[in-house]
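Chain letters run A, B, ... following the sequence lines, proteins first, then strands; residues in each count from 1. Computed from a predicted structure; not experimentally measured.
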There are 4 protein chains.
Amino acid sequence: MSPRTVDKSAKKRALLRASMKVFARKGFAKAKMIDIANEAGIGKGTIYEYFRSKDQIFIDAFHFFIGDLEAEYDKILSSPKGPIEKFEEIIDTTIDGFLAAGDFGGILMDFWAEGIRNHQQIEMEHIFNLKEVYQKYREIIAEVIEDGIRIGKFREIDAKLSAAILIGCLDGLLLQSIMDPKMIDLRKAARVCANIFISGLAR
Amino acid sequence: MSPRTVDKSAKKRALLRASMKVFARKGFAKAKMIDIANEAGIGKGTIYEYFRSKDQIFIDAFHFFIGDLEAEYDKILSSPKGPIEKFEEIIDTTIDGFLAAGDFGGILMDFWAEGIRNHQQIEMEHIFNLKEVYQKYREIIAEVIEDGIRIGKFREIDAKLSAAILIGCLDGLLLQSIMDPKMIDLRKAARVCANIFISGLAR
Amino acid sequence: MSPRTVDKSAKKRALLRASMKVFARKGFAKAKMIDIANEAGIGKGTIYEYFRSKDQIFIDAFHFFIGDLEAEYDKILSSPKGPIEKFEEIIDTTIDGFLAAGDFGGILMDFWAEGIRNHQQIEMEHIFNLKEVYQKYREIIAEVIEDGIRIGKFREIDAKLSAAILIGCLDGLLLQSIMDPKMIDLRKAARVCANIFISGLAR
Amino acid sequence: MSPRTVDKSAKKRALLRASMKVFARKGFAKAKMIDIANEAGIGKGTIYEYFRSKDQIFIDAFHFFIGDLEAEYDKILSSPKGPIEKFEEIIDTTIDGFLAAGDFGGILMDFWAEGIRNHQQIEMEHIFNLKEVYQKYREIIAEVIEDGIRIGKFREIDAKLSAAILIGCLDGLLLQSIMDPKMIDLRKAARVCANIFISGLAR
DNA sequence: GATGAATGAGGATTCATTCAT
DNA sequence: GATGAATGAATCCTCATTCAT
């Protein structure tokens, strides 16, 4: 007879979500394996059936979190819409992606923190290459801005720097939202943000 | 003849700077007391002559870092300049404050991370009340924006939300600068940022 | 039609052999249950259908290994041959027994190690009573030597001690053979060993 | 004022002795760090001030144990004495070295066990190269035997194999002595052993 | 019978903190 | 005042064993 069958992949994802919730709540460093086990309603040892180590959970969480986002941005870029619409969509996508994360938005802090440090371990260096991720985002958005400049919608402005500013704006809003969710209505903020930037960049 | 006197206060500040450098480099959690001692060129035990605990160093570092900034903002606000000039000064002050921090800018990540979590310990809750700090910043900047609206320089816009967006923008730029200092010319970014916002808010 | 019958005893022996191979290769302490399962090509849980515990496997392996050897020695002793022939046969039997073990000769190390320690557990104390086993061997061989002395083939010598020396000699050769199989030709060593001892004991 | 001074080297040696005692008693695998700490009368954490890891203690113990022995053998060989005297001295030195080890003779079992396994880790492979150690011993003793053959004291015999047999003999005696110290009078055994071998090898 | 997912007791190791000098 | 040796609480991870299927 076949032994108990478990959808390992589904359970792994569930475990990942539990881990991310704990990381978001306590921070990676202060999160204990037992906390994750409790959150997931399983035994401590079981975690190791799905992840090699605490670090590995974190790495997997990073990919889980970042994963779809990249695909979404690509989709926006390759759409036939104009730069202003793309601009708005980028903002909405970022905000929506974060809101969808719900409970574990706070994990962003740890991703930033890990992504920013100069890692001694080559492995981590490679995995948390946020530097490159941001570099790419800036390029993507700069292209949209350059398009806008080319077709005369935006005035002549440093596109790369403007992109950095928009990204910064969104990250900074998320930061404030994590800190004080009731204070910041992200959806409204997204609209105002788009408004300010589009006016600010307009010829 | 006076006995060997050590300026405790000066040494404490030196120690604090050493600690912040280490925190910035490795993150609070991964920073070891021995790292701080080595950075400061003293013995591990000596740290405890100046600080009760590792946590206390962190708390003191927070105040050391935030300290003057608040005063600076107050000065800007109470100056007789117009809202646009104030706006520009707020941006410059934030960027300059960060640039002045130099080596230990990376500690911002830890302040954010600590400030954001829901602390179990009441003590920490009180000390790292970033929520309140940001709340206050938003109010200060919103006031400037409202002034601008009142005198017709800025169009009717949600001042509080705009303030949040500006703060987010600055934080987000610092984030990118910590991550990739060579990529982001903060001074130039400050100018572009001011430019975009002032145009974006302009009637 | 008989239901799927598994020869439990045969499978148990096969499992035992797999276990011994693993013990020989990695040592008892470093051998994992999963290693044994893999070596035997079965599931981890199945081992427990045949053995109560890892310790029990080890105990059973010990008996499996030692088992026949005792019978062989008894046969030699009760044969009508002379002491010199018996002497040679004891050496050959020991070496052959070891060579027959083949892949799992290395398990001897663990038997010695376990047999030698002062066990906290009474159970182990009783089971791994190597002390007694060796005591008995010494007596058996001493008897052969005394026979040799009695009939004038061997000179007057401490028979018990000489027996210990011969046993030591054989164990020590096995040790070297386990360590460096290509270096020690055990069969040749057996002959030289017999030669040296018989000459050395000869009147 | 100078802080508490500790002779780190002396304490390390004392700790090593305590560790070896525990290893001898329980075996490396079953020895716990806390056992070592208790035996040494210190705290668990203190061990790590002197040794990187449990493995490192074991490696250091190996060198501590083997260390002088090699020098002793070299001294014997380079002496101007005849092969028979050298032969006797080799036996005595081995036995005396072991007797001097006293309480921690049982650690030999672990050295053998570790030295014999095929190590996955290159590091261990290199450190516990018992294979080479034994190879060298066999060569040293074989030389003595060849000397004896050359000057006509010993008969034509496979010197290398005879050396292996002598070494085996000594190891095997130690084994029995570890197992049952009261049963084996090692000093007497040494004399009988020398006697048998010298007669056995004699022309 | 057979299996492997789940478990938690156990153990090596880390590191903030203490304190004798 | 300064120090670093000593400490043990805390934590990650291993793995023998259990048991539902």
Side-chain angles (χ1 to χ4, degrees), chain A residues 1-8 11 15 29-37 40-57, chain B residues 3-6 8 11 29-37 40-57, chain C residues 3-6 8 11 29-37 40-57, chain D residues 1-8 11 15 29-37 40-57:
Chain A
M1 205 196 315
S2 76
R4 174 168 30 173
T5 353
V6 173
D7 185 343
K8 280 212 122 186
K11 185 151 189 190
L15 245 174
K30 289 197 184 129
K32 309 304 167 211
M33 294 309 271
I34 187 68
D35 297 327
I36 295 173
I42 59 168
K44 186 162 46 74
T46 310
I47 300 172
Y48 292 88
E49 296 282 323
Y50 297 87
F51 302 93
R52 197 193 334 291
S53 65
K54 195 185 170 196
D55 276 350
Q56 190 60 52
I57 301 178
Chain B
R4 185 162 53 128
T5 333
V6 174
K8 278 209 101 170
K11 187 156 184 185
K30 289 195 185 132
K32 314 295 168 222
M33 294 305 270
I34 185 70
D35 296 329
I36 295 172
I42 59 168
K44 189 156 47 83
T46 310
I47 299 172
Y48 290 85
E49 297 286 326
Y50 297 88
F51 300 95
R52 194 195 339 288
S53 68
K54 195 185 170 195
D55 277 350
Q56 191 57 52
I57 300 177
Chain C
R4 187 165 51 130
T5 336
V6 175
K8 278 209 100 170
K11 187 156 183 187
K30 291 196 184 131
K32 314 293 168 226
M33 294 307 269
I34 186 67
D35 297 328
I36 295 172
I42 60 168
K44 188 156 48 84
T46 311
I47 300 172
Y48 290 85
E49 298 285 326
Y50 297 88
F51 301 95
R52 194 194 341 285
S53 67
K54 194 187 172 194
D55 276 351
Q56 191 57 53
I57 300 177
Chain D
M1 204 198 313
S2 75
R4 174 167 33 173
T5 352
V6 173
D7 185 342
K8 280 212 122 186
K11 185 152 187 188
L15 246 173
K30 290 197 184 129
K32 311 300 168 214
M33 294 308 271
I34 186 70
D35 297 328
I36 295 173
I42 59 168
K44 190 161 44 72
T46 310
I47 300 172
Y48 291 86
E49 296 283 324
Y50 296 87
F51 302 94
R52 195 192 336 289
S53 66
K54 195 185 170 196
D55 276 351
Q56 191 59 52
I57 300 178

Would you sort out whether A/Leu15 and A/Ile36 count as a side chain to side chain contact (heavy atoms under 4.5 Å, CB included), showing the intermediate values? CA-CA 8 Å; A/Leu15 245 174; A/Ile36 295 173; 4.2 Å; yes
Students often get this wrong, so: under 4.0 angstrom with heavy atoms, is C/Ala31 touching a base, only sugar-phosphate, or nothing?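 Sugar-phosphate, no base atom in range.
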Looking at every strand, decide which applies to D/Ala40 at a 4.0 Å heavy-atom threshold: base, sugar-phosphate, or nothing.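 No contact at all - D/Ala40 keeps every heavy atom at 4.0 Å or more from the nucleic acid.
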Whole angstroms only, please: what is the [atom1]-[atom2] distance between [X] and [N]?
| X | N | atom1 | atom2 | result |
| --- | --- | --- | --- | --- |
| D/Ile36 | E/dT13 | CD1 | C1' | 13 Å |
| A/Lys30 | F/dA10 | NZ | P | 15 Å |
| C/Phe51 | F/dT18 | CZ | P | 16 Å |
| B/Met33 | F/dT7 | CE | C1' | 16 Å |
| D/Lys8 | F/dG4 | NZ | C1' | 9 Å |
| D/Asp55 | E/dG11 | CG | C1' | 14 Å |
| C/Asp35 | F/dC15 | CG | P | 9 Å |
| D/Ile47 | F/dG8 | CD1 | P | 11 Å |

According to a 3.5 Å limit on both distances, what stems of 3 or more consecutive Watson-Crick or G-U pairs are formed with DNA chain F?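 Counting only runs of 3 or more consecutive pairs, the stems involving DNA chain F are E:2-21 with F:2-21.
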On DNA chain E, check which nucleotide each of D/Ser53 and A/Ile42 is closest to and give me the residue with the more 5' one.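 Nearest-nucleotide comparison on DNA chain E picks A/Ile42.
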Closest-nucleotide 5' rank along DNA chain E - winner of B/Lys54 and A/Glu49: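 Nearest-nucleotide comparison on DNA chain E picks A/Glu49.
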Stepwise, does the side chain to side chain contact (heavy atoms under 4.5 Å, CB included) test hold for C/Ile57 with C/Ile47? CA-CA 9 Å; C/Ile57 300 177; C/Ile47 300 172; 3.7 Å; yes
At their closest point, which heavy atom of B/Lys32 faces which heavy atom of B/Lys30, and how far apart are they?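 In this case the closest contact between B/Lys32 and B/Lys30 is NZ-O, 3.3 Å.
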Can you name the nearest heavy-atom pair linking C/Lys54 to C/Ala31, along with the distance?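 So the minimum-distance heavy-atom pair works out to NZ-O, 2.8 Å.
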If each of C/Ile34 and D/Gly41 is mapped to the nucleotide of DNA chain F with the nearest heavy atom, which maps nearer the 5' terminus, i.e. the 5' end?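 Between the two, 5'-proximity favours D/Gly41.
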Taking donor-acceptor contacts at under 3.5 Å, does the side chain of D/Lys44 reach the base of E/dT13?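 Yes.
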Contact under 4.0 Å: [X] side-chain N or O vs [N] OP1/OP2:
| X | N | answer |
| --- | --- | --- |
| C/Lys11 | E/dA2 | yes |
| D/Thr46 | F/dT7 | yes |
| B/Tyr50 | F/dA2 | yes |

Spatial distance of atom OH (C/Tyr50) from atom CD (C/Gln56) [nearest 0.5 Å]: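 That separation rounds to 16.0 Å.
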Taking C-beta and beyond as the side chain, do A/Lys8 and A/Glu49 meet within less than 4.5 Å on heavy atoms?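 In contact.
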Does the side chain to side chain contact (heavy atoms under 4.5 Å, CB included) test come out yes or no for B/Lys11 and B/Ile42, once each step is laid out? CA-CA 11 Å; B/Lys11 187 156 184 185; B/Ile42 59 168; 4.3 Å; yes
